[in-house]
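Numbering of ligands and ligand atoms starts at 1, following listing order. These figures come from a predicted structure and were not determined experimentally.
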Amino acid sequence: MKKKVIFIICFLHVAICYVIAQEKPKHEDTEFYSPVPNVVTPAKNNANPPSDAIILFDGKNLDQWVLTNDTTKPADWIVNKKIITVNKNRGNIQTRQSFTDYQLHLEWRIPENITGTGQLRGNSGLFLASIGKGDAGYELQILDSYNNSTYVNGQAGSIYKQFAPLVNANLPPGKWQTYDVAWAAPRFNDDGTLKTPARVTVFFNGVLIQNNIELKGATLYVGQPSYQKHGPSPIKLQAHGDKSEPISYRNIWIRPIN
Ligand code: MG
């Protein structure tokens, strides 16, 4: 009888150890082999487009762009010496293509001889999604904020009238500056109500200035921002009505994110 009890105890011990061994996490449990990320060749200078980018301006022409207020017309801003200069008489321009979530790179330059003060000194803007004519959309402000005070949620790098940049990373007028943006578009329910707000991360001259912030809605000059249902949208550049010298752009590319 005693031998039988010992045998049963030993058997149970082995069985329990086996079960515990089966349940113990293994390193393989958290190692996945598919889907395999696409291979992308990084540029030597990371301002240059990676291999899978859509080139929105390559220095040659504005074929990828149209006038915002009449999208049947070509974007006739000035292209010279591989750069675009804002044509204030023609209004905003936007991409022919529409986008949802993306990574975007853009370079801009305030003229060295810029004049004006506050919001009237090299004002332009990158609309992360254009949702109508004029300035309808979500504006990442472009302005000379090197040594030019204005309301902080309207300086360069602000999400206009919503969020000031974390730091002021401006270079002086005459220097090329970079925006690198990760944009997650808002999502809407069928009834038009907001499902998830837009989010954005922005690097300005390589410095983090907007850290995955949640937008309050589309940009408004007067009044509180709010959301209105929209789908994929063009990217838009602003021809601001101030009288200062027009600013320039170059090297614009985008990587849609699925
Ligand atoms: Mg602006």
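- The nearest N, O or S atom of N123 is closer to the Mg ion (ligand 1) than 2.8 Å.
- For residue Y160, no N/O/S atom approaches the Mg ion (ligand 1) to within less than 2.8 Å.
- Centred on the Mg ion (ligand 1), the angle running from S124 (O) to Q141 (OE1) is recorded as 70°, rounding to 10°.
- Of the N and O atoms on the side chains of T115 and E245, at least one donor lies less than 3.5 Å from an acceptor on the other residue.
- The cationic group of R250 lies under 6.0 Å from the six-membered ring centre of W176 and within 45° of the ring axis, placing it in a cation-pi geometry.
- One of the N, O or S atoms belonging to E139 lies under 2.8 Å away from the Mg ion (ligand 1).
- Here CD1 of I131 is found 7.0 Å from OG of S233. Values are rounded to the nearest 0.5 Å.
- Between D242 and K88, at least one side-chain nitrogen of the basic residue sits less than 4.0 Å from a carboxylate oxygen of the acidic one, meeting the salt-bridge criterion.
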